[in-house]
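Keep in mind the model is a prediction, meaning the values are calculated, not measured. In what follows, chains are A, B, ... by sequence order, proteins preceding strands, each numbered from 1. For the numbers below, each heavy atom of this structure counts, side chains included, while hydrogens, waters and symmetry mates do not.
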Amino acid sequence: MCIRRVGVQFRPARLPLKKREGTPFALESPGGSVGRPASAGRGRTRRMAGGELASRRLPFARAGREAAVSTGTVRLKPTHIANTSSLPSMLRNSGDLGTMPPSSGRPPMKDPVITISQLSDHVEEQVTLRGWVYNWRKKGKLRFIILRDGFGYLQCVVFRPNVDDEVWEAATQLTQESSIEISGKLIADERAPGGFELQVNQIKILQITEDYPIGKKDHGVDFLLNHRHLWLRSKRQHAIMHIRSEAEFGIREYFQTRNFTLIDSPILTPAACEGTSTLFETDYFGEPAYLSQSGQLYLEPAAAALGKVYCFGPTFRAEKSKTRRHLMEFWMVEPEVAWLRFEGLLELCEDFLSTIVSRILDRCAVDLERLERDVSKLDAATSKPYPRIDYGDAVQRLKAEGVEMEFGEDFGGDDETVLAGLFDRPVMVTRYPADIKAFYMEPDSEDPTRALAVDVLAPEGYGEIIGGSERSADLEHLERQIATHGLPREAFDWYLDVRKYGAFPHSGFGMGLERFVSWMCGIPHLREAIPYPRMINRLYP
RNA sequence: UCCGCAGUAGCUCAAUGGUAGAGCGGGUGGCUGUUAACCACUAGGUUGGGGGUUCAAGUCCCUCCUGCGGAGCCA
């Protein structure tokens with residue numbers, strides 16, 4: 001818990017805070033804000049200061065070229081500093097370590113050390129907080145410091161006549177993202193954003209940050225992605241990451257409380273799972289190995305062992321996709337259920353989705369508000385049932401809407417948007433032509449040219465967030481399918497064993513986490529829905 | 001891989017073929033209630049690289065590099 005032990009520079013010699021010659025301290029302002037979607041921006045390219053960063057080479061990946069560019073700008077909305085005493089925030093921080101006693105070897109602090117999530121319990125008390133300077137303003141004999149501690153934001157006010165010279169000097173020298181310990185009397189004050197304010201009487205500077213790259217004005221997307229590690233400090237990214245975390249927790253809880261067993265599928269695999277997408281190849285002691293693009297094939301045998309199983313982890317696609325709906329590395333949750341038929345699968349999809357959406361709305365209200373998400377557009381998705389539409393009917397509906405396409409073709413991104421726009425909640429498109437779906441799917445008994453497959457399309461243009469199917473239990477059918485798709489039969493021996501030793505009906509689906517999070521957050525591009533996005537031409541940071 | 005757009009100050013952007021500017025950030029100074037504070041002054045440029053047209057190119061042409069958006073593919 002001792003900050004001095006964890007690598008942060010502590011410079012007691014600077015506490016008197018005389019300005020050093022030749023190295024003027026920057027007095028930057030808040031940072032980390034972002035906002036406007038790239039799609040609305042005007043493109044400009046820019047080269048990073050310091051030139052190009054070194055590219056990296058991995059056996060299975062392209063060099064991570066860095067050079068910087070931006071399309072579009074992101075603009076920060078006026079700062080709202082939320083009242084962090086709200087319930088979700090308190091829940092979030094109930095296990096926080098901020099109030100733990102200091103470790104031995106360090107003089108104990110006189111004041112209780114609290115986090116911004118705990119403000120309402122300490123009004124009119126002398127307290128200490130630790131964090132980073134989010135913004136800094138001066139007005140004559142006043143200094144306004146907006147402290148950010150990872151849990152919220154707090155305005156701290158320093159008034160010249162009320163503090164010692166050292167404290168005043170410290171307050172004057174602060175810069176954006178400098179790390180500090182700050183003490184004072186916590187009061188309720190309507191003039192302060194969030195309603196609380198710290199009347200400062202002590203400041204300890206751990207490090208004065210110089211030249212923090214992310215400022216309070218617009219930045220291009222490329223610049224921000226090159227500084228993703230710092231961009232995460234912004235309010236908007238903070239909210240998105242919290243929603244992602246809550247979604248992951250909710251997903252695991254959903255399955256764990258319904259008697260599913262977690263089966264971690266392997267990342268390194270000997271062959272393509274579905275034989276379609278391009279895979280990242282690496283060297284496995286002289287043999288080629290591939291990063292997994294799906295855990296599904298490994299789940300089917302596990303379903304025979306444990307009945308109801310799921311996996312949840314990263315998956316990899318080496319397609320050179322350049323769209324807002326694609327990442328090279330993304331997270332997917334995949335349940336697989338023995339004895340579940342197609343109709344049951346549809347019920348599982350809608351029950352799962354509606355449950356997770358409800359959870360996000362319940363527990364992430366503060367984050368959704370910060371993202372200015374129109375939550376009324378999510379309400380319908382909390383209730384079942386979801387509409388079902390046969391693939392053939394979907395094609396007819398699209399044609400009626402003026403879309404040019406023929407029966408037998410798959411839907412493009414725009415088609416999905418049009419189709420989803422016909423409904424107020426996710427729509428389940430069923431029974432696709434078998435030709436355009438994966439080899440392992442069960443044919444429709446009424447029309448063998450159709451597969452018992454479902455795609456769940458999210459509203460508002462977020463597209464396919466779930467793809468699922470009933471799996472074929474017929475060994476001969478699968479062997480023909482593998483041959484038809486040009487896949488190596490021997491690579492699937494173990495998979496086909498599921499059909500040799502006690503074949504059983506089973507179904508499952510996969511949901512892309514980033515697409516789900518993007519939909520919840522209302523963000524236009526998947527790259528903001530994952531902490532460190534991996535995209536074509538981007539492997540840094 | 002294909003189609004389209006773009007590259008100008010640290011960042012975000014201006015600039016009819018005719019003296020490269022602004023805001024933010026940085027520096028100096030001012031202000032007792034700021035909310036991306038404000039005001040004054042100030043420093044800051046090989047206009048992505050190369051070639052060409054022209055009296056004259058950030059601007060027009062060719063080419064390369066880089067990125068963004070989309071298509072395909074998919075979650």
Give the nucleotide from the list [options] with an atom nearest to the side chain of [X].
X: R324(A); options: A71(B), G69(B), G33(B); answer: G69(B)
X: R527(A); options: C11(B), A75(B), G69(B); answer: G69(B)
X: D189(A); options: G33(B), C74(B), A71(B); answer: G33(B)
X: F223(A); options: U32(B), C11(B), C74(B); answer: C11(B)

Would you mind classifying the nucleic acid contact of [X] as base, sugar-phosphate or nothing, using non-hydrogen atoms under 4.0 angstrom?
X: L142(A); answer: base
X: E197(A); answer: base
X: L513(A); answer: nothing
X: R325(A); answer: base
X: M332(A); answer: sugar-phosphate

Rounded to whole Å, how long is the line connecting atom [atom1] of [X] with atom [atom2] of [N]?
X: I536(A); N: C74(B); atom1: CD1; atom2: C1'; answer: 14 Å
X: E464(A); N: G72(B); atom1: CD; atom2: P; answer: 13 Å
X: N162(A); N: G33(B); atom1: CG; atom2: P; answer: 15 Å
X: N537(A); N: C68(B); atom1: CG; atom2: P; answer: 6 Å
X: K141(A); N: U32(B); atom1: NZ; atom2: P; answer: 5 Å
X: D415(A); N: C73(B); atom1: CG; atom2: P; answer: 11 Å
X: L174(A); N: G26(B); atom1: CG; atom2: P; answer: 13 Å
X: R534(A); N: C74(B); atom1: CZ; atom2: P; answer: 25 Å

Should stems be defined as at least three consecutive Watson-Crick or G-U pairs with both distances under 3.5 angstrom, which of them involve RNA chain B? B:1-7 with B:65-71, B:10-13 with B:21-24, B:26-30 with B:38-42, B:48-52 with B:60-64

Distance check: side-chain N/O of [X] vs OP1/OP2 of [N], anything under 4.0 Å?
X: H525(A); N: G69(B); answer: yes
X: K322(A); N: G69(B); answer: no
X: K320(A); N: U1(B); answer: yes

Flag yes if more than 12 heavy atoms outside F407(A) fall under 6.0 Å of its CZ atom; otherwise flag no. yes

Could you list the residues that satisfy side-chain hydrogen bond (donor to acceptor under 3.5 Å, both in side chains) with Q199(A), not counting sequence neighbours? none

Sorted by chain and residue number, the side-chain hydrogen bond (donor to acceptor under 3.5 Å, both in side chains) partners of S178(A) (sequence neighbours excluded) come out as T175(A)

Under 3.5 Å, is there any donor-acceptor pair linking the side chain of [X] to the base of [N]?
X: R538(A); N: C68(B); answer: no
X: H326(A); N: C74(B); answer: yes
X: S321(A); N: C74(B); answer: no

Shortest non-hydrogen contact between V517(A) and A529(A), atoms and distance: CG1-CB, 3.9 Å

R317(A) to F280(A) - nearest heavy-atom pair and separation: O-CE1, 3.4 Å

CD on Q296(A) to OG1 on T315(A), rounded to 0.5 Å: 12.5 Å

Taking it one step at a time, do Y540(A) and N226(A) satisfy side-chain hydrogen bond (donor to acceptor under 3.5 Å, both in side chains)? CA-CA 7 Å; Y540(A) 175 96; N226(A) 283 331; over 6 Å; no

If you take the centroid of each ring, where Trp contributes its six-membered ring, are F255(A) and F352(A) closer together than 6.0 Å? yes

Aromatic ring of F330(A) stacked on base six-ring of A75(B), 5.5 Å, 30°: yes

